[in-house]
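The next block holds one structure in the form of C-alpha cells; read it before the comments.
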Amino acid sequence: MTVTATAPPAADERLGKPKAMDQLIKRPEIGAMLGALLVFLFFSVVTEQFLSIGGAATWLDDASMLGIMAVAVAMLMIGGEFDLSAGVMTASTALVTALLATQLGLNVWLSLLVSLAFALAVGALNGWLVMRTGLPSFIVTLGSFLALQGLNLGITRLVTGSVQVSGMRDAAGYESAGFLFASTFQIGGTSFYVSIIWWVLFTVVASTVLMRTKFGNWIFAIGGASQSSRAVGVPVVRSKILLFMTTAFAAWLVGSINILRYASVQANQGIGLEFQYIIAAVIGGCLLTGGFGSAVGAAIGALIFGMARQGIVYAGWNSDWFQLFLGVMLLAAVLVNNMLRRRAERVRR
Amino acid sequence: MTVTATAPPAADERLGKPKAMDQLIKRPEIGAMLGALLVFLFFSVVTEQFLSIGGAATWLDDASMLGIMAVAVAMLMIGGEFDLSAGVMTASTALVTALLATQLGLNVWLSLLVSLAFALAVGALNGWLVMRTGLPSFIVTLGSFLALQGLNLGITRLVTGSVQVSGMRDAAGYESAGFLFASTFQIGGTSFYVSIIWWVLFTVVASTVLMRTKFGNWIFAIGGASQSSRAVGVPVVRSKILLFMTTAFAAWLVGSINILRYASVQANQGIGLEFQYIIAAVIGGCLLTGGFGSAVGAAIGALIFGMARQGIVYAGWNSDWFQLFLGVMLLAAVLVNNMLRRRAERVRR
Amino acid sequence: MTSLIETENIGKTYGSVIALSEVSTVVNAGEVTCVLGDNGAGKSTLIKILAGVHQHDQGSFRVEGEEIRFSSPREALDRGIATVYQDLAVVPLMSVWRNFFLGSEPTTKLGFLDRKKGKEITKKALSDMGIDLRDVEQPVGTLSGGERQCVAIARAVHFGAKVLILDEPTAALGVKQAGVVLKYVAQARDRGLGVVLITHNPHHAYPVGNRFLLLKRGRALGSYEKSEIDINELTKQMAGGAELEALEHELRGVEA
Amino acid sequence: MTSLIETENIGKTYGSVIALSEVSTVVNAGEVTCVLGDNGAGKSTLIKILAGVHQHDQGSFRVEGEEIRFSSPREALDRGIATVYQDLAVVPLMSVWRNFFLGSEPTTKLGFLDRKKGKEITKKALSDMGIDLRDVEQPVGTLSGGERQCVAIARAVHFGAKVLILDEPTAALGVKQAGVVLKYVAQARDRGLGVVLITHNPHHAYPVGNRFLLLKRGRALGSYEKSEIDINELTKQMAGGAELEALEHELRGVEA
Amino acid sequence: ACSGPTGTQSQNTGNNSAPAASGDLKVSVITHGTAGDAFWSVVKVGAEDAAKQLGAGVTYNSDGDPGAQAKLIDNAVSQKVGGIVVSMANPDALKTSIENAVKAGIPVITINSGSAKSAEFGAMAHVGQEESIAGEEAGKKLKAAGKTKLLCVIHEAGNSGLNQRCDGARSGFGGAVENLQVDISNPTDIEARIKAKLQSDTAVDGVLALNPQVAVNAASAIKGASSKAQVATFDLNADVVSSIKAGDVLFAVDQQQYQQGYLPIVMLKLFKDNANTLGGGKPVLTGPGFVDKSNVDKVAEYAKNGKR
Ligand SMILES: Nc1ncnc2c1ncn2[C@@H]1O[C@H](COP(=O)(O)OP(=O)(O)OP(=O)(O)O)[C@@H](O)[C@H]1O
Ligand SMILES: Nc1ncnc2c1ncn2[C@@H]1O[C@H](COP(=O)(O)OP(=O)(O)OP(=O)(O)O)[C@@H](O)[C@H]1O
Ligand SMILES: [Mg+2]
Ligand SMILES: [Mg+2]
C-alpha cells in the first residue's frame, strides 16, 4: 500500500525496478500452464504413445470430463463457496435420467430435461441453504453430499433391485441425444469424444463470463468481500445461488455425457471426485478463500490431471502409487502458485 | 458492542431482560446434548435391544473409536485448522505396526513405539507445512491424505503382495499389548471393550487441557485470532504443530486398538472417516472457522453418531439409506447449534 | 423544497439490543448533515437504515417526500443514495476500475463489459479528485487507506448520487489525507449533493457541516444548525458535557 | 541513565518496498515518544520492529543499552516491551479475563489455570482504569471499541511492562473514549513507563507527548522535544507544511 | 454352476513350463476392483506371475467407476497393446470401448463377470464366472450346513460385484437372506453393526462375509453378541486361515481368482504364438473352490503369498 497519490507521475522512489519477466506472472493460471507444459514434455519423452494422436484423444477425454466440473467449481470457488456435493451430483443426474428412461420408458430427451430441472433445483437448494442459514458451504454441501449419496443408493436399489441402472440403449431418443453428448468426431483417423468440445466450450463461456461480463465482476466481488459487494448493490444472494446452480448444471452435463456414453450408471459413482475438482481448480490458481482464480486455469488444472493419470498408465508405472503422486503434485502445485502469486503481488505494488 | 463502561452497575437500559433459561444455552455442547438425548430416547422406544446392556456395549464401542478421533479433531478445529489426513492415518499407523511385527518380527511393543514416532512425525510435518507455507490446512492435509493413501497401498502390496497385513496374533508381545488396547471388561455379564475407557480418558484429558490449562487457552486464542495471539506472546507455530501431533497421536491410538483387536489391517482402511470426525466435532458445537467449541461436545457428537448408526440396525431399517439420514442429521444439528449460539451471543450481550 | 431525506422518530433494535430510538433528522441538497457521537451510539445503525442495509422498526423514513422502506442497498442506490462505509466497502483483490464500477458496470451493446471505457472513466474520475494512479488495473488492496477512501467517494459521486453518506471516512487517515477527503466532501456538497458525514472528530465535522446530529446510546442528544453552536460547544457536547472538563483538567494536570 | 529503547538509523524493507530507512529515536522511562506521519509512512513498521514482530534490516536497535534483535514478540515481552496494536490484538470469541491473561496465564501449583485469581485480577485491573464490567466471562467481542482498547492497555500495564507501545489507540474512538485512553497513557507514563504513542491526531499527541518523531515515506522528517515545537507547528509539519495551508484555505473558501 | 477347476488347472501347469517366447507381448489388465480390494489383489498377482514366467509385459490398472474403466481400455487401445484383459461388472458401460479394441485388432479376454456379453462384444474368451454363481454356491453350502437365516455383509455400498454375490447367495440358500451394509474403511463399525444385527435378530445363524477382513470382524462380533451364528467368507488371509483351523470360520469361498489373472495372459500368449484359443466360446470356469478344515493346511501357505 504505497501512497502514490502524492507523487504520481514520477517512479516511486521506494520501489526497486520491477523486472520485465515479472509482468508475465500476474495471471492466476501461469503456474498451471508451466505445470501442464512440464507434465506434457515429461510423458512425451518418457513414453511412446503419449504424444500420438490416439494418446491425445485418450488423455483429452479424461481431462474433459474432469475439466467441465473443475471450471464450474472454480467459478464457485472464486465466488467464495465450496461444493462437496458436486461429485455425487454427476451420478444423481445420470441416475435420474436413466431411471426415467428405462423404468418409466420416457423419451431420453424428456428424461434429460427432467434431470436438468432436478439438478438445478438441488443447486438452488444448496445455495439457498448456504445464504439463508449463514453456515459455511463446506458443512451445508457436506450434508447434501451425504444425502444425495444415500438417495442414489436407496432409490436405485428400491427401483431396480440392483446397484446399477442399465439398458439405456433401448430407450427412445437414445440415438439423437447420444449424438449431442456422447458421439465421436474424427481427426486424422482417430476418434475424439465430443465431450472435449463441450469442455472447451464450457471453459470459453465461463472465462468470458468471468472476465467480460457484469456477472463475472460480481463473482470476483462476492468472493473477495461479500458484505462490501452487497453494500454497493451487487445481488449477492442471487449471484451465489446462480453459482451453485452452475455447478449443478455442469454436474448434469457430465452425468448426461456419462449415461449416454456408457448407457449405464452405478449408484456409487462420483463419490470422491469432488476433491479432484477442487484440486484441479486450486492447481489452476484459484484461492480457497475466494475472490481470485480463473476458469482457464481450472481447465488447465484438469488437463494436468488427465495427462498425469493417463500418462502413468502409458509409462506402465504401478498404479498403486498414483495417489501418492497426486498428493505430491498437489502440494508442489500450490506451493509454486503461492510463490508466483506473492511475487506478482510484490510486482503490482 | 454496548458501551457498558459508562453505566456499569445499573442494568443497561438498552437491554431487554434476559430469560433464566437463556443462561443454560451458553455452552457449545448444549445442542449436542439435546440431540444425544433425543436420539437415545428415540431408539430406546423404537427398538428393544438398544437400551439393553448388550446394546449399550455395541454402540458405545462404535462411538468410542470415532470419539477419540473426534475429540482430537475438535481440538485442532478450535485451534483453527483442519486435518483431512486423520482418517487414513488410523490405517497408516496400524499398517506400520503390523508390518514391523509380522514382517520384521519385531516385538509388538517396539512396533507400537515406532509407529507412534511415525505418527508424530507425520503430524509434525503437516503442522510444519501449514505454518511454513501459510497455505490453508485444507489443501496441505488433502495433499498428505492422498500421499498417505498411496503409501498405504503401495507399501503394503510391495511388502506382502496383498492388500492386507494379517497374522499379528503370532507376534511377540501381542497378548500384553492387546490387554492394554483391545481387551474387554465385564459389566453385568456383558463385555465392554477397553476402547470405551480410552475414549472417556481422552475426552477428560482434552477437556481439562482446553478449559484448565495455559495451552488450552492458547488453542482458543490461535483459532480465534492467530496474529493477535502471536503478538501477545503465544507461541502460535509450536502450538499448532502440537495440535496436529495430537491428532496424529489419536490416530495412532485408534490404529493400535484396531490392529490389536482384529490382528489384521486392510490398506484402504480409514478413507472417508475424516469427514465423520469433522461432522462429529461440528455437531458437538465446534466452529469450522476456529476459536470456539468443546471436547466434550465432540465426544457427544461421536456418541450421537454411534447411537444413530447402530440404532438404525437395531430398528431393522434398510441401511441403504444411512447416508441420507446422516446428511439430514448433520444439517439439522448445525442449524440448531447455530440458532443456539446466536441466541447465546445475544444473551451475553 | 422537500428534503432529500427525512427521518422522523426512527428506531431499530437488534434482538434485545435497542440500537436506535426516536431519532429525527433531515438531509437537504447542498448541505452536510454531520452525525456525531460515542462508540456504539448508533451512528452506523442510522446510516445503514438510510442506505438500505437494515430496515427500521419504528418511525418514518422519507426520501424526497415519499415514505419508503428499502429492502436492499440496490434500491437505495437506485434512489440516488450512495454510501461509503466505515470498513471501506472495496474488494481488495479486485482492480481499481472494477471496484469503481462494481454494481454499475458499463457494458457494450453486446452486453459485455466495456473495459476500455471503464478504465478511462475511472482514470478520469480519480484524476478529477487529484489522484493519479499509475495503473487502474492494480488491485485496490495495494492502495493506501486514503486512496481507497477516495476511490469509494469518487465512485459515489460519479454515479450521480443525490445523497452521499460517509461513515467515519477520516478515522484511519493522516492529517493530510483527511484534509483531502474533507475537500471532496465540500466539493460534493457544492455540486448540490446532500451529504451525511459521520465522524468522531469535531475538527473535521465543524468546517464542512451545516447541521449536527448528536447521538448518545441510541437516542438523539440534540440537533443543531451550524449557527446555533460553535466548535467548542460541539466538542463539549460530543464528549458528554461536564465529564470532559474534568478529564481535560486531569490531562492538563499530568501534563504540567 | 540509559534509554529504555534506542534505535539508530534503523531500516526495513518488505521485498522491494523500502518501508523504513535511517530512523533514529529514543524512548526514556517516564516519557512519551509520539510517532506521527501520513498513511504508509512506516509508523506501524517501526513499532513492529520494536515489538519483535518483524526484524530490522539495517541500523542498530538497543534495549537498555544492549544491542538486540528480537525473533518473536515473546522475547520483546520478556524484555518488558508490551504493545497494543492498531487492530487491537484481542481474540473476540474469548472471554475478557482470558484475553487479559493471554500469554501470561496465572496457574495454580498443579499447573492448571487459576481461574478464580484470573477473574479477580482482571476485574480489579479494569476497575482501576475505571471500567466496571458486569461479567469478565463475557467475550471481548461484545465490548465496545474503547473498552477493548482499554483492556489491551490495562493488560500491558499490569504485566509490568517497562515500555508500552500503542499503535493508533484513539483512531476509532469517540472524543470521550479517546480522552479516557489518553488519561491512561498519561498515568502509565507517570508510573515511570516509557510510552510510544502513534496517532494521526496532533490534538491527541501534543498534550501527552514529550518527544515527537515525524515520519514521511519511510524516513524521519524530524524529531522534536516538546519544548522545540508548538501544536500548530506540529500540525503543519504532520500535514507536510505548505500543502496544508493551501488546503485549509480551500476548505475555508468553500465553507464561507 | 460348476465347481471343479481341474480341467483348466492342467492347462495351466502345461503352460507354466513354456519358455519365454519370441517377440514381446504387452498385456493390459483392467479391472473394476477398487484399490485395496483383497480379491483383485490376487488377480493382479496372478497376472504378474504369468507375465514373469512367460516373459511378457503386464500392466494392471483398475477403477471402480465404469466410465474410468472404459477410459483405461481406450488408453490401452491407443497404446496398441498386444492384448487386453478386462473384467465386466458393468458390460453396458464397457461395450463401446471393448468393441473398439476388437476393431483395432487387439485380442480381448474378459474375466470374472460379464460372461453373457463376452462373446457378443467380440472377446476371444471368458475366464472365471459370475460373482453371482460364487455366491450361489456359498449359499448352497451354508444351507447344507443346516443354516436357516443368513446375513450377507456388503462392505462397499454400490459395488455391483458384492451385490451380485449376495443376490447369488440368496438364490442358492433358498431361505431368508438379509443384506447388511457396512463400511470397509471402519472396522469398528463393521463389528458393531454385525453385533447389533445379531442382537436384534437372534434367528440369524449364518454370516456371509465378502472380504476376509470383514470375516475377522464378524467372528469378533459373534463372540461379543454371544450368538450361535457361524461365519463363512470370500477369500483368504492368514487370520481367516487360522480361524478356519480353529473352527471360527466355517469355510472360505475361493474363486481361485489367481487363475483369472494368470490364465488370460497364457491364453493371449498362446494366441499370439500359435493362434490357439481356449474354451470354444464357452467361459473357462475357475471356481469356485472351497477352503474348509479339510484342505486349509494345504492352502494356507499360498494364501500367505497372496496367491489364494
Ligand atoms: N448486527 C448487530 N447485531 C446486534 N447488535 C448490533 C449490531 N450492530 C450494532 N449493534 C449494536 O448496536 C449499537 C449501535 O452500534 P453502531 O455500530 O450503530 O454504533 P456506532 O455509533 O457506529 O459506533 P462506532 O463509533 O464504534 O462505529 C451498539 O450497541 C452495537 O453493539
Ligand atoms: N507485510 C507487508 N508486506 C509488504 N509491504 C508492507 C507490509 N506491511 C507494510 N507494508 C508497506 O510498508 C509501508 C509502511 O507501512 P506501515 O504499515 O508501517 O504504515 P503506517 O505508517 O502504519 O500507515 P497507517 O497510518 O496507514 O497505519 C507501506 O507502503 C506499506 O504498503
Ligand atoms: Mg460505526
Ligand atoms: Mg499503521
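Lettering follows sequence order; numbering is per chain, from 1. Because the structure is predicted, anything quoted here is derived from the model rather than measured.
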Given a strict heavy-atom distance threshold of 4.5 Å, which part of [X] is in contact with chain A: side chain, backbone, both, or neither?
| X | value |
| --- | --- |
| Asn163(E) | side chain |
| Asp63(E) | neither |
| Ala76(E) | neither |
| Ile154(E) | side chain |

Given the options [options], which has more heavy-atom pairs under 4.5 Å with chain A than any of the others?
| options | value |
| --- | --- |
| Asn61(E), Thr59(E), Asn90(E) | Asn90(E) |
| Asn100(E), Asp65(E), Asn75(E), Val81(E) | Asn75(E) |
| Lys71(E), Glu156(E), Lys44(E) | Lys71(E) |
| Lys95(E), Gln181(E), Lys80(E) | Lys95(E) |

Ring centre gap for Trp252(A) and Phe249(A) strictly below 6.0 Å:
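Trp252(A) vs Phe249(A): aromatic centres under 6.0 Å.
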
Proximity breakdown for Asn152(A) and chain E, heavy-atom pairs closer than 4.5 Å:
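Interface part for Asn152(A): neither.
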
Can we say Arg170(E) and Asp167(E) salt-bridge, meaning some charged N sits less than 4.0 Å from an Asp/Glu carboxylate O?
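A salt bridge is present here (some side-chain N lies under 4.0 Å from a carboxylate O).
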
What option among Arg157(A), Arg309(A), Arg261(A) has the most heavy-atom pairs under 4.5 Å with chain E?
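If we count pairs closer than 4.5 Å to chain E, Arg157(A) comes out on top.
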
